[in-house]
2 protein chains.
Amino acid sequence: MIVDRSSPVPQYFQLQTWLIEQIDQGVFKTNDKIPTEEELAQITGLARATVRQAIQNLVNMGYLERKRRLGTFVINGSVHSETRTIIGLIVPDIRSGYAPELARGAEDEAAKNKHSLILCNSDDLYVKAEFHANRLLENSVAGLIFMPTAAPDEQNKKIIDKFLRRNIPVVLADRTIPDLDVDYVTTNNYDGAYEITKYLIDKGYKKIAIILSALFSTERDRLEGYKNALLDHNIPIDNDIIIADSGPFIQNRYFKYARALLKTRNDITAIFAGHDRIALLFYSLANEMGIKIPDDISIVGYDDLHFTTVPLTTMHQPIYEMGQESMKLIMSRIKSEVEYSRNIVLNSHIVERESVLKIA
Amino acid sequence: MIVDRSSPVPQYFQLQTWLIEQIDQGVFKTNDKIPTEEELAQITGLARATVRQAIQNLVNMGYLERKRRLGTFVINGSVHSETRTIIGLIVPDIRSGYAPELARGAEDEAAKNKHSLILCNSDDLYVKAEFHANRLLENSVAGLIFMPTAAPDEQNKKIIDKFLRRNIPVVLADRTIPDLDVDYVTTNNYDGAYEITKYLIDKGYKKIAIILSALFSTERDRLEGYKNALLDHNIPIDNDIIIADSGPFIQNRYFKYARALLKTRNDITAIFAGHDRIALLFYSLANEMGIKIPDDISIVGYDDLHFTTVPLTTMHQPIYEMGQESMKLIMSRIKSEVEYSRNIVLNSHIVERESVLKIA
DNA sequence: ATTGATTAATTGTCTATACAATTATATGAT
DNA sequence: ATCATATAATTGTATAGACAATTAATCAAT
């Protein structure tokens with residue numbers, strides 16, 4: 001007998017307790033359909049309204065989910081994730097690069113799902129990321145979108161594990177970590193770099209310098225794409241005109257690299273800037289040194305931060321979509337049990353403006 | 001009439017909405033007893049069970065509290081403010097203008113106080129702002145930093161009141177609302193505009209056009225500053241070269257204004273762009289039309305979004321500090337009872353670059 | 001194949017009614 | 001004064017029944 005009508009315990013509550021027991025004991029498993037309200041009324045001898053009250057409470061508590069016409073179903077056991085509607089987003093700095101675009105994509109998608117976004121800036125530092133991670137956990141966020149910091153992979157993993165251990169889904173955005181079984185969304189940096197290098201080659205260039213950071217998977221992939229494009233077109237790789245900085249982006253440092261490069265190697269005819277902000281430096285520098293882009297030197301960037309002031313040919317990255325897709329992954333993890341980790345690689349495409357001259 | 005029986009909206013939901021409204025508008029204040037279920041049934045003409053459903057939902061949402069034999073009471077929204085450590089930030093769009101800088105200032109200050117920031121984009125639309133406001137309330141934020149939308153003041157006030165009624169502190173950032181007793185942080189737009197207009201006058205200019213939006217207090221103040229600077233220097237105001245758009249910033253529309261202005265009025269020697277993004281348009285346009293800045297025409301902007309590509313002389317606004325100060329106001333409200341509302345006006349200063357030529 | 005209409009299952013909304021449980025307050029007894 | 005008891009107001013629990021809305025699945029038409 002499920003409900004004891006002589007008990008002082010409310011009958012809806014008895015039913016509720018019984019249902020929880022069944023779920024806990026695995027009689028009703030995740031995603032199972034439990035009996036319909038009518039059936040439960042029959043079985044227990046209660047009125048449908050009473051059954052409904054019990055079920056409604058369990059829905060509120062995050063045990064069950066109702067679907068019209070289909071029935072009532074047991075929800076993913078990682079419990080109260082339903083009531084939590086805040087997602088954390090850790091980016092290096094909301095002011096720089098494409099972070100605003102990414103945040104906006106994520107926020108829009110979150111809003112669609114009636115979730116909110118907590119914004120955290122790590123400045124690419126492990127300590128700051130960890131500080132925020134702890135605060136997010138205290139606020140019991142339902143998920144985390146994380147751009148790994150410039151710290152070693154091991155440290156980033158530590159942060160990620162904190163969440164995963166508590167069954168809080170994590171998605172890496174843009175930057176990835178090798179050999180880590182976690183969802184991520186990125187763009188095809190290797191292919192993109194290969195393509196835009198080939199673009200320069202097709203325009204007649206052979207002496208193509210590249211300047212970027214070796215710190216992040218994204219830019220390391222771009223470097224590989226660049227190298228292989230050269231090799232595939234029988235252009236020797238000249239390590240002197242490959243500048244791969246080991247630290248995060250610091251404007252002044254890159255200014256020095258750029259200045260040194262332009263001064264010492266006037267055989268360079270084209271430059272592949274690891275990202276658009278580096279490309280911008282060259283514009284300023286060209287101005288300063290009386291060099292004309294693209295007449296004297298051609299340049300391409302990567303990202304497509306829409307500057308209206310310089311006509312930079314660059315690789316457009318779908319950043320907004322990256323934010324969106326990251327949030328979609330989080331949402332699907334929250335809503336249902338996902339067994340395997342999923343990786344989304346978005347495609348970039350060249351946006352041709354006027355920073356490259358055809359010389360072939 | 002509280003419920004419209006012909007509406008497709010469920011009646012319990014209509015009642016629910018009505019009750020929230022009453023609470024928001026202060027008809028039912030904190031700790032007030034609302035009518036009993038029986039009374040509400042009478043008033044609305046609904047069955048008690050239906051009334052009950054509405055009330056139950058509001059109890060779950062944290063609006064109401066039931067006490068047996070006593071009735072149902074409005075909950076004091078500020079009760080848990082010590083334990084709540086999340087602050088809402090509603091900006092038009094995190095991608096545009098200085099929103100990232102503002103967000104970063106606010107976030108850093110929040111982090112110092114072990115608080116977190118929920119980021120919301122309103123797109124300057126009332127409906128979106130309201131959606132986010134409701135979500136923030138559901139997440140029981142401890143405070144709100146709000147950039148009013150482009151909607152009429154009354155609507156923005158409605159959103160603000162929702163928070164204030166629950167004793168949740170609100171700070172307006174950058175844009176203010178006249179005759180509203182609420183904390184705000186802004187910059188001295190009037191003085192700044194006066195100063196930069198005077199700067200142009202001192203450089204020898206008399207025919208100074210201005211282009212901005214008349215939608216926000218900030219830009220309206222700038223327009224006044226511009227006008228008074230002219231008047232004080234005995235320069236007649238020429239309404240033909242004052243373009244005050246009534247809508248939000250839409251790039252293409254401003255392009256048209258700019259193009260028309262440059263084509264029809266070649267007596268103009270200087271331009272005061274209401275903000276830097278407008279100034280940028282002139283750079284693109286100048287390029288297109290073969291006009292040189294500053295040789296053919298001088299231009300100043302407002303904001304100082306640091307573009308490395310064009311040497312724009314502009315009014316630097318301390319946006320990061322604005323975010324910081326806004327958050328500081330929130331924190332002081334959270335920590336202690338503040339009786340009076342406080343207004344902080346930050347000072348801007350001119351950053352001289354190379355977009356203005358001396359002709360006097 | 002795609003689109004459109006139909007059907008049936010199930011949850012969603014709503015009414016009208018009844019009695020139970022709780023408890024602040026008033027009343028009465030000591 | 002203190003304690004016990006009754007009272008009444010209000011929310012809490014429960015029933016039985018009706019119709020609405022949604023939607024997966026099926027069938028029909030193009």
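Just so we're on the same page: letters track the sequence lines, and every chain starts at 1. Bear in mind the structure is a predicted one, so any value in this text is a computation, not a measurement.
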Contacted region of DNA chain C by chain A, from 5' end to 3' end of the hits, cut-off under 4.0 Å to heavy atoms, spans dA8(C) to dT13(C)
Measure from [atom1] on [X] to [atom2] on [N] and round the result to the nearest Å.
{"X": "Arg69(B)", "N": "dA6(D)", "atom1": "CZ", "atom2": "P", "value": "17 Å"}
{"X": "Gln56(A)", "N": "dG12(D)", "atom1": "CD", "atom2": "C1'", "value": "17 Å"}
{"X": "Glu37(A)", "N": "dA14(D)", "atom1": "CD", "atom2": "P", "value": "16 Å"}

How would you label the contact of Glu38(A) with the nucleic acid (heavy atoms, under 4.0 Å): base, sugar-phosphate, or nothing?
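Contact class for Glu38(A): none.
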Check your understanding: Across the strands shown, which category fits Phe13(B) at heavy-atom distances under 4.0 angstrom: base, sugar-phosphate, nothing?
Key -> nothing
**Request:** Please step through salt bridge (Lys or Arg N to Asp or Glu O under 4.0 Å) for the pair Arg104(A) and Glu101(A), ending with a clear verdict.
**Result:** CA-CA 5 Å; Arg104(A) 183 65 206 256; Glu101(A) 193 79 27; over 6 Å; no
Check this one for me: any side-chain N or O of Gln11(A) less than 4.0 Å away from OP1 or OP2 of dT13(D)?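 For Gln11(A), the contact criterion (side-chain N or O under 4.0 Å from OP1 or OP2 of dT13(D)) is not met.
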Any Arg52(B) side-chain N or O less than 4.0 Å from OP1/OP2 of dT11(D):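 No, no such contact exists.
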Point to revise | Residue whose closest nucleotide on DNA chain D lies nearer the 5' end, Thr50(A) versus Lys33(B) | key: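 It is Lys33(B), whose closest nucleotide lies nearer the 5' terminus.
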When Leu46(A) and Lys67(B) are each assigned the nearest nucleotide of DNA chain D, the 5'-most assignment goes to Lys67(B)
**Message:** On DNA chain C, compare the nucleotides closest to Gln53(B) and Arg48(B); which residue's is nearer the 5' end?
**Reply:**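 With Gln53(B) and Arg48(B) compared, the 5'-side residue is Gln53(B).
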Between Asn60(A) and Gln56(A), a side-chain donor and acceptor under 3.5 Å: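 Yes, because at least one side-chain N or O of Asn60(A) sits under 3.5 Å from a partner of the opposite role on Gln56(A).
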Do Ile34(B) and Gln22(B) make a side-chain contact, defined as non-hydrogen atoms from C-beta onward lying under 4.5 Å apart?
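A side-chain contact under 4.5 Å is absent here.
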query = Can you check side-chain contact (heavy atoms from CB on, under 4.5 Å) on Ile94(B) and Leu119(B), steps first, answer last?
reply = CA-CA 8 Å; Ile94(B) 188 63; Leu119(B) 173 68; 4.0 Å; yes
Electrostatic pair Glu37(B):Arg66(B) at N-O distance under 4.0 angstrom = yes
Shortest non-hydrogen pair, Val74(A) vs Lys29(A), comes out as CB-O, 3.2 Å
